Amino acid sequence: DAMVIQNPRYQVTQFGKPVTLSCSQTLNHNVMYWYQQKSSQAPKLLFHYYDKDFNNEADTPDNFQSRRPNTSFCFLDIRSPGLGDAAMYLCATSRDWGSEQYFGPGTRLTVT
Amino acid sequence: DAKTTQPPSMDCAEGRAANLPCNHSTISGNEYVYWYRQIHSQGPQYIIHGLKNNETNEMASLIITEDRKSSTLILPHATLRDTAVYYCIVRVLGETSGSRLTFGEGTQLTVNP
């Protein structure tokens with residue numbers, strides 16, 4: 001089945017130690033998104049790619065970066081995780097701008 | 001994007017219809033109404049969307065009032081697996097900013113046996 005895959009499902013990192021979360025898709029969608037969802041809050045968009053065009057949300061901290069080396073994969077890099085970055089990170093894809101988004105299961109990041 | 005207002009929580013008996021309301025009184029003519037849901041510890045799931053006509057798919061029905069200032073998501077026969085947070089989102093299509101899903105607080109629907 002076509003899907004959005006996130007690895008790992010659970011990630012523990014130390015304060016200040018860089019961490020990379022990965023997302024892959026078999027849907028061949030043009031757009032890929034990264035959301036952050038903190039406990040008991042709604043998901044919040046961090047950035048998205050349309051093909052290779054990167055779009056950063058205005059309030060996304062510089063500590064967060066993203067890479068999309070090809071259509072299928074997208075990575076979220078957190079350069080120096082702080083305790084406040086502990087959250088669920090959700091990857092989503094859509095065929096085009098405004099199409100419905102398909103979400104992966106998320107990666108739960110713990111910062112110790 | 002227009003702001004939406006949803007009740008924070010609702011309960012429904014298993015097998016009965018669940019009717020989830022959403023107010024979007026400042027919606028613009030080119031904004032669609034989208035519904036997503038998020039089951040605990042999972043990613044959000046697309047349910048349905050519409051512009052002004054009522055819509056139905058295998059998951060749910062969407063009823064939009066004639067003035068488009070409010071809508072209702074209907075789950076015709078709720079099951080325990082429908083327990084989730086339901087998000088009502090309005091968005092413009094076809095623009096960079098419009099592809100953004102801005103999640104509000106949503107409604108926690110609890111389906112009881």
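Just so you know, these numbers come straight off a predicted model, no measurement behind them. We name chains A, B, ... by the order of the sequence lines, and we start the count at 1 in each one.
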### Name of the residue among A/Phe54, A/Phe73, A/Trp34 meeting ring-ring contact (aromatic ring centres under 6.0 Å, His included) with A/Tyr49
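It is A/Phe54; the other options fail the test.
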
### Query
Crowded around A/Asp59 CG? As in, over 12 foreign heavy atoms under 6.0 Å?
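Enclosed: over 12 neighbouring heavy atoms sit under 6.0 Å from CG of A/Asp59.
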
### Query
Do other residues, nucleotides or ligands put more than 12 heavy atoms under 6.0 Å from the CZ atom of A/Arg67?
yes

### Message
Less than 4.5 Å to any heavy atom of chain A: does that hold for the side chain of B/Tyr32, its backbone, both, or neither?
### Response
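Interface part for B/Tyr32: neither.
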
### A/Ser99, part contacting chain B, at a heavy-atom distance under 4.5 Å
backbone

### Query
For A/Glu57, is it the side chain, the backbone, both, or neither that has a heavy atom closer than 4.5 Å to a heavy atom of chain B?
side chain

### Query
Applying side-chain hydrogen bond (donor to acceptor under 3.5 Å, both in side chains), which residue pairs with at least one partner in residues 11-20 of chain A are found, sequence neighbours left out?
A/Thr20-A/Asp77

Flag the pair [X] / [Y] as yes when at least one side-chain heavy-atom distance between them is below 4.5 Å, and no otherwise.
X: B/Asn23; Y: B/Ser25; result: no
X: A/Tyr102; Y: A/His29; result: yes
X: A/Phe103; Y: B/Gln42; result: no

### Query
Relative to chain B, which of A/Ser94, A/Cys91, A/Pro43 shows the most heavy atom pairs under 4.5 Å?
A/Pro43

### Message
If the contact rule is any heavy atom under 4.5 Å from chain A, which residues of residues 103-113 of chain B qualify, in numerical order?
### Response
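Interface residues of residues 103-113 of chain B: B/Phe103, B/Gly104.
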
### Query
Do any of residues 54-78 of chain B come closer than 4.5 Å to chain A, heavy atom to heavy atom, and if so which ones, in number order?
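The stretch does not come within 4.5 Å of chain A.
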
### Task
Dump the intermediate steps for side chain to side chain donor-acceptor pair (under 3.5 Å) on A/Gln101 and A/Tyr35, then the final yes or no.
CA-CA 12 Å; A/Gln101 295 184 18; A/Tyr35 290 81; 2.8 Å; yes

### Query
Angle class for the B/Tyr34/B/Tyr36 ring planes (parallel below 30°, perpendicular above 60°, tilted otherwise)?
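Geometry flag for B/Tyr36 against B/Tyr34: parallel rings.
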
### Message
According to ring pair (Phe, Tyr, Trp, His ring centres under 6.0 Å), who are the partners of A/Phe15, at least two apart in sequence or on a separate chain?
### Response
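For A/Phe15 there are no ring pair (Phe, Tyr, Trp, His ring centres under 6.0 Å) partners, ignoring immediate neighbours.
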
### Query
Side chain of A/Asn56, backbone of A/Phe47: donor and acceptor closer than 3.5 Å?
no

### Summary
Comparing B/Gly43, B/Ser41, B/Pro44 against chain A, the one with the most heavy-atom pairs below 4.5 Å turns out to be B/Pro44

### Query
When you check the gap from the basic side-chain N to the acidic O, do B/Arg37 and B/Asp82 get nearer than 4.0 Å?
yes

